[in-house]
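A quick note: this is a predicted structure, and the numbers were derived from the prediction, not measured.
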Amino acid sequence: VASIGSSFGDRNNITAAKIWLEEYNTEAEKVRPEAQEASWTWNTNITDYNNRLKLEAEKKKSEFDKRSYNQTLNWDWKNFTEINAKRQFYKIADIGESVLPTDKFQQITKAKSNMQSVYSKARVCNKPGDQDPSKCYPLNPTLENIMAKSTDWKELAWAWEGWRNETGRKMPDDYEKFVELANEAAGMNGYTDNGDYWRSWYETENFEKQMEELFIGLKDLYKLLHAYARKKLKERFVGHPFPDSGQIPAHLLGNMWAQSWGNLFTLLAPYPGKPLDVTEMMREQNYTTRKMFDLSEKFFTDLGLDPMPPKFYNDSMLDKPEDGRDVVCHASAWDFYNRKDFRIKQCTQVTMDWLITTHHEMGHVQYFLQYKDQPVVFRRGANPGFHEAIGDVLALSVSTPKHLKKINLLRPNQNPDDEELQLNFLMNQALKKIAFIPFGYLIDQWRWKVFKGETKKDEYNEDWWNLRCKHQGVSPPVQRFNTDFDAGSKFHVPNNTPYIRYFVSYVIQFQFHKALCKEAGHNGPLHKCDIDQSTEAGNKLAAMMKLGSSKEWPDAMEAITGQRKMNVSDLIEYFAPLEDWLKKEVKNETLGWDDQCGRNFTIPTPPPTSPPTTPTPTPQSSTVKPTS
Ligand SMILES: CC(=O)N[C@@H](CC(=O)O)C(=O)NC[C@H](CC1(C(=O)N[C@@H](Cc2ccc(O)cc2)C(=O)O)CCCC1)C(=O)O
Ligand SMILES: [Zn+2]
């Protein structure tokens, strides 16, 4: 194709090239909305019929992408001097899996649809104590609530193991097929493998090294929190087996993946007598889903940012449907790339966690609104981590006792300036933000190795537990086998959504918070800052979001923070008061764990009968004392 001269005359005619870019945009604003609409229909009503329509629309979009890619070959765009036009061509030419020939494209979308369907339809039965063993439970809300509230080791282990049996264990073949075809597509696009392609979105030299350095910078803080949680959980579950090697059994941390420990707040709060029970306050005030969204929207508009378009509330799915249909409950925010349709789909519950999630999703929609007049290919975050950070930055202000008081979600007798309450608040934040760091880091460490071919299918689970044990310091509550596929029990793996973006977000959201607090004129400790109603802060955020992905992310970082690097210093500053408190609390504890775990936690093949269903204690690994 490259040999065909451009039909617009010479290959360097920038004027003609810009005309073509306009035509591409007009076409893309028709094709993408159709693909999004079909995907939305399936996500909000999982049926074979809607799946067929989704696959058909994805096929049509991939053909448009292929055609567009071929047309970019008519231009010598890599040598264009106009940066904006050159960058648009670069992104139009980056067509991902659409590069595959039709039959292989169908195969990869089928494999992904199979895994997404298994994940979204999964139910777990045989609940201990149930009269009717055939009664089955979904993740949202039942299993999540059990993981959040139960202190019964057996019940927690049932939910933890059952979820993995009903999801990950049914996926290895489809996942292997997906990896093979995603790597093939990446190769056709000039990348070494799919991980190389995913990392290319950060346009950052030695990106893996940079991520490792950020992670190393946060390890000590995590080890303090881990040691404290382990100490208190051993008290709660006295008599139950904790491995000598120092890990915490993964089902005890209040979350199905041990990725956020906020549900352990009542156990871990420095001053239990001063609760932050926002969920109870919301329920006492008869909060509804819509009230949660109105609250979030008001925070954005009080910063001078955009309100939701009128259609938003009509077209979104903000509650789990009650008509029994299967939906993808996992929250998500949708840009239809037609500058008019923006939606959120989530199965909202009235809790503080869901108020945070609502801000997170509204942050995505705000970014969509701010860059909606960019060319279609620039309607993305400066890098994927930026898109994940917006909602969380606002939530850092909303969560403060000062702000909770303002919106009447702090108990009337509680004083926001009470230093003990403030320390409880910091612990609550740490249980979500610091606890998350190793998890946010390790998912793509695992996937990058799979894409590189360093982890073969029969090592998927051993390598997963190697990383979970080494970086997160958790262990499986029941024996794991290489016929299990525990990575597949986490939404983003079957859904093929990259994850390092969340690790990046958790670092940069504190850099943004620091910069916006300064803009808002905040004085005093960073964790007490509430940027509410600061249009100066809002303007800075809006200016960055309007860029979309039209500039490389250091430009966007500079627009907010005045400097061009990611660093962990603001996160560490935010948690400094708690760090001091934790150091005292764990001075007699051994920090960390023995990270030579791999084989200890997975054995290659299951015994002749199916793996034990009743939880057996984690194997007492070698007597090696945990490293200090
Ligand atoms: C069409 C489409 O897919 N759109 C993208 C957005 C876009 O790319 O434009 C999208 O909506 N992705 C869904 C995903 C949902 C959530 C998630 O998965 N979160 C992570 C990690 C985490 C957890 C707590 C937290 O406070 C922040 C992050 C997890 O739950 O493990 C669920 C709850 C929060 C965010 C999301 O919103 O990022
Ligand atoms: Zn997000």
Side-chain angles (χ1 to χ4, degrees), residues 1-32 35 58-102 104-105 181-207 337-339 371-384 386 546-559 564:
V1 174
S3 63
I4 299 169
S6 138
S7 51
F8 295 87
D10 73 74
R11 291 166 50 78
N12 290 304
N13 179 332
I14 188 70
T15 312
K18 285 181 178 177
I19 292 169
W20 182 80
L21 287 175
E22 289 292 327
E23 287 166 3
Y24 170 84
N25 249 309
T26 307
E27 187 67 14
E29 286 195 305
K30 281 206 248 359
V31 171
R32 287 195 182 199
E58 282 171 358
K59 179 165 170 272
K60 201 172 156 211
K61 179 182 175 293
S62 73
E63 281 155 5
F64 167 70
D65 289 345
K66 265 197 271 264
R67 231 179 13 257
S68 305
Y69 169 76
N70 288 330
Q71 288 171 359
T72 63
L73 299 176
N74 291 336
W75 311 94
D76 187 16
W77 61 264
K78 285 177 183 159
N79 294 320
F80 279 2
T81 48
E82 288 217 19
I83 300 299
N84 187 288
K86 178 177 179 178
R87 193 169 171 80
Q88 286 189 59
F89 272 100
Y90 164 68
K91 291 192 176 284
I92 291 169
D94 169 14
I95 60 173
E97 292 160 15
S98 295
V99 72
L100 290 169
T102 306
K104 288 192 173 181
F105 182 79
L181 290 168
N183 275 345
E184 193 173 321
M188 290 168 74
N189 291 323
Y191 298 98
T192 47
D193 59 57
N194 197 42
D196 181 36
Y197 169 53
W198 282 6
R199 292 189 295 273
S200 72
W201 301 329
Y202 292 85
E203 299 173 292
T204 300
E205 284 301 306
N206 51 58
F207 179 71
Y337 296 105
N338 59 13
R339 308 187 219 199
Y371 59 45
K372 69 179 172 44
D373 297 320
Q374 283 284 357
V376 165
V377 288
F378 288 158
R379 294 183 204 166
R380 286 314 292 149
N383 77 37
F386 277 62
K546 279 185 171 54
L547 295 172
S549 58
S550 64
K551 294 282 178 49
E552 296 202 7
W553 70 262
D555 293 345
M557 174 65 83
E558 194 167 24
R564 302 173 61 81

Which is it for Ile92 and Leu21 under the side chain to side chain contact (heavy atoms under 4.5 Å, CB included) test, yes or no, and what are the steps along the way? CA-CA 9 Å; Ile92 291 169; Leu21 287 175; 3.6 Å; yes
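- Annotation: ring pair (Phe, Tyr, Trp, His ring centres under 6.0 Å) contacts of Tyr69 (sequence neighbours excluded): none.
- Taking the ring pair (Phe, Tyr, Trp, His ring centres under 6.0 Å) definition, one finds that Tyr337 meets it with nothing, sequence neighbours left out.
- What you find for Gly96 and Ala185 is that their closest heavy atoms are O-CB, 4.1 Å.
- Centroid-to-centroid, the aromatic rings of Trp20 and Phe89 come within less than 6.0 Å.
- The minimum heavy-atom distance linking Asn338 with Arg379 is given by the pair N-NH1, 4.2 Å.
- No side-chain heavy atom of Val31 sits under 4.5 Å from any side-chain heavy atom of Lys60.
- Applying the 6.0 Å contact sphere to NZ of Lys104 captures no more than 12 heavy atoms from other residues, nucleotides or ligands.
- Residues Ala85 and Ile14 come closest through the heavy atom pair CB-CD1, 4.0 Å.
- Residue Met188 holds its CE atom at 13.0 Å from CG of Asn183, rounded to the nearest 0.5 Å.
- In this structure, Trp77 and Tyr90 have tilted ring planes: the angle between them lies in the 30° to 60° band.
- Taking the charged nitrogens against the carboxylate oxygens, Lys86 and Glu82 have no contact shorter than 4.0 Å, which rules out a salt bridge.
- Under a 3.5 Å cut-off, the side chain of Asn189 and the backbone N or O of Tyr191 do not form any donor-acceptor pair.
- In this structure, the side chains of Arg87 and Lys91 come closer than 4.5 Å at one or more pairs of heavy atoms.
- Using a 4.0 Å cut-off between charged side-chain N and carboxylate O, Glu558 and Lys551 make no salt bridge.
- Salt bridge status for Glu552 with Arg564: absent, with no side-chain N to carboxylate O gap under 4.0 Å.
- For Phe105, there are no ring pair (Phe, Tyr, Trp, His ring centres under 6.0 Å) partners two or more places apart in sequence or in a different chain.
- In terms of heavy atoms, Ala556 sits closest to Phe386 at CB-CE2, 3.7 Å.
- The shortest side-chain heavy-atom distance between Asn70 and Arg67 does not fall under the 4.5 Å cut-off.
- Pairing each heavy atom of Glu27 with each of Phe64, the nearest pair is CG-CE1, 3.0 Å.
- Once rounded to the nearest 0.5 Å, the distance linking CG of Asp196 with CZ of Phe207 reads 12.0 Å.
- Inter-residue side-chain proximity for Glu184 and Leu100 is flagged as met; some heavy-atom pair is nearer than 4.5 Å.
- For the residue pair Trp553 and Thr204, a side-chain donor N or O sits within less than 3.5 Å of a side-chain acceptor on the partner.
- Between the side chain of Arg339 and the main chain of Asp373, no donor-acceptor pair closer than 3.5 Å is present.
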Do Gln88 and Asn84 pass the side-chain hydrogen bond (donor to acceptor under 3.5 Å, both in side chains) test, and can you show the C-alpha distance, the side-chain angles, and the key distance before you say yes or no? CA-CA 6 Å; Gln88 286 189 59; Asn84 187 288; 2.9 Å; yes
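- Taking NZ of Lys61 as the start and CZ of Arg32 as the end, the distance is 5.5 Å to the nearest 0.5 Å.
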